[in-house]
Amino acid sequence: DIQMTQSPSSLSASVGDTVTITCRASQSISNYLNWYQQKPGKAPNLLIYAASSLQSGVPSRFSGTGSGTDFTLTISSLQPEDFATYYCQQSYITSWTFGQGTKVEIK
Amino acid sequence: EVQLVESGGGLVQPGGSLKLSCAASGFTFSNYWMHWVRQVPGKGLVWVSYINSDGSSTTYADSVRGRFTISRDNAKNTLYLQMNSLRAEDTAVFYCGRGGSGYSFDYWGQGTLVTVSS
């Protein structure tokens with residue numbers, strides 16, 4: 001299986017900050033990398049697919065970059081509703097794997 | 001509006017069986033891959049199983065292979081997960097998800113809780 005490692009595991013930030021979360025794959029996955037947001041008690045919500053494509057309806061303050069093994073999710077001008085846990089996921093092989101999650105908390 | 005609604009969760013004893021369902025609406029179910037993902041409360045997401053659009057291809061996580069079976073009924077717009085030989089470590093919220101662009105999961109159900117305990 002392909003292992004996905006996110007960093008940091010958690011971070012504290014203020015409204016208006018720019019936040020960057022990184023995700024590293026244990027082998028090259030081209031651009032088959034997706035990002036999800038999950039709020040407590042809710043199902044995950046797709047933010048970014050194919051490393052950098054914004055899912056319909058997702059605010060443009062979310063952006064993704066990367067290819068190969070290293071990827072980033074950037075949230076520009078953090079809003080109160082963005083405090084949540086974020087997961088990366090590889091879809092390069094049909095044994096999908098997620099990162100362990102990054103919890104974004106209010107400073 | 002795309003909707004996925006899971007059902008069938010509950011309390012089951014170790015070694016027991018349970019069948020989850022995921023009712024789909026708002027899209028042409030037979031055109032999409034589907035997935036099951038689980039999450040231990042307070043922990044991360046773990047992909048469980050996938051099925052292609054006509055049900056001819058499936059894959060499973062190592063942790064459930066040989067115990068769980070994914071299936072679908074395109075006439076009923078419903079996805080299933082038959083879970084046998086359940087263990088305490090299978091306790092989790094189970095979500096169904098629709099396959100989207102880039103082999104992502106673009107819509108998710110609200111989840112159904114499976115508790116394996118004596």
**Prompt:** Could you give the distance from OG1 (B:Thr59) to CD1 (A:Ile93), rounded to the nearest 0.5 Å?
**Reply:**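 Result: 9.5 Å between the selected atoms.
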**Prompt:** About how many Å separate OG1 of A:Thr94 and OH of B:Tyr50, when rounded to the nearest 0.5 Å?
**Reply:** 6.5 Å
**Item:** Nearest heavy atoms of A:Ser91 and B:Tyr103, plus distance in Å
**Value:**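 For A:Ser91 and B:Tyr103, the tightest heavy-atom pair comes out as CB-O, 3.3 Å.
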**Request:** Locate the shortest heavy-atom distance separating B:Gly109 from A:Ala43; write the atom from each residue and the value.
**Result:**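 Nearest pair, atom of B:Gly109 first, then A:Ala43: O-CB, 3.1 Å.
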For [X], I'd like to know if atom [atom1] has over 12 heavy atoms of other residues, nucleotides or ligands within 6.0 Å.
X: B:Arg67; atom1: CZ; value: yes
X: B:Phe27; atom1: CZ; value: yes
X: B:Phe68; atom1: CZ; value: yes

So which of [options] has the largest heavy-atom pair count under 4.5 angstrom toward chain B?
options: A:Leu46, A:Ile48, A:Asn45; answer: A:Leu46
options: A:Gln89, A:Gln38, A:Gln90; answer: A:Gln38
options: A:Ser95, A:Gly101, A:Ala50; answer: A:Ser95

Under 4.5 Å from any heavy atom of chain A - which part of [X]:
X: B:Ser101; answer: both
X: B:Phe105; answer: both
X: B:Val46; answer: backbone

In terms of hydrophobic clustering (I, L, V, M, F, W, Y; side-chain heavy atoms under 4.5 Å; direct or indirect links), are [X] and [Y] co-clustered?
X: B:Val2; Y: B:Leu79; answer: yes
X: A:Ile29; Y: B:Leu45; answer: yes
X: A:Val58; Y: A:Val19; answer: yes
X: B:Trp47; Y: B:Leu81; answer: no
X: A:Ile106; Y: A:Tyr86; answer: yes

**Request:** Name the orientation class of the two ring planes belonging to A:Trp96 and B:Trp33 (parallel below 30°, tilted from 30 to 60°, perpendicular beyond 60°).
**Result:**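 Correct class here is perpendicular.
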**Request:** Classify the ring geometry between A:Phe98 and B:Trp108 as parallel (under 30°), tilted (30 to 60°) or perpendicular (over 60°).
**Result:**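 It falls in the tilted class, 30° to 60°.
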**Message:** Which atoms of A:Tyr36 are under 4.5 Å from chain B, going by heavy atoms: the side chain, the backbone, both sets, or neither?
**Reply:** side chain
**Asked** Are side-chain heavy atoms of B:Tyr95 and A:Pro44 found at a separation under 4.5 Å?
**Response** yes
**Request:** Could you check which of B:Pro41, B:Ser104, B:Gly44 has the highest count of heavy-atom pairs closer than 4.5 Å to chain A?
**Result:**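 Highest number of heavy-atom pairs under 4.5 Å: B:Ser104.
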**Prompt:** So which bits of residues 13-20 of chain B come within less than 4.5 Å of chain A, counting non-hydrogen atoms only?
**Reply:**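 If one takes a 4.5 Å heavy-atom cut-off, no residue of residues 13-20 of chain B lies near chain A.
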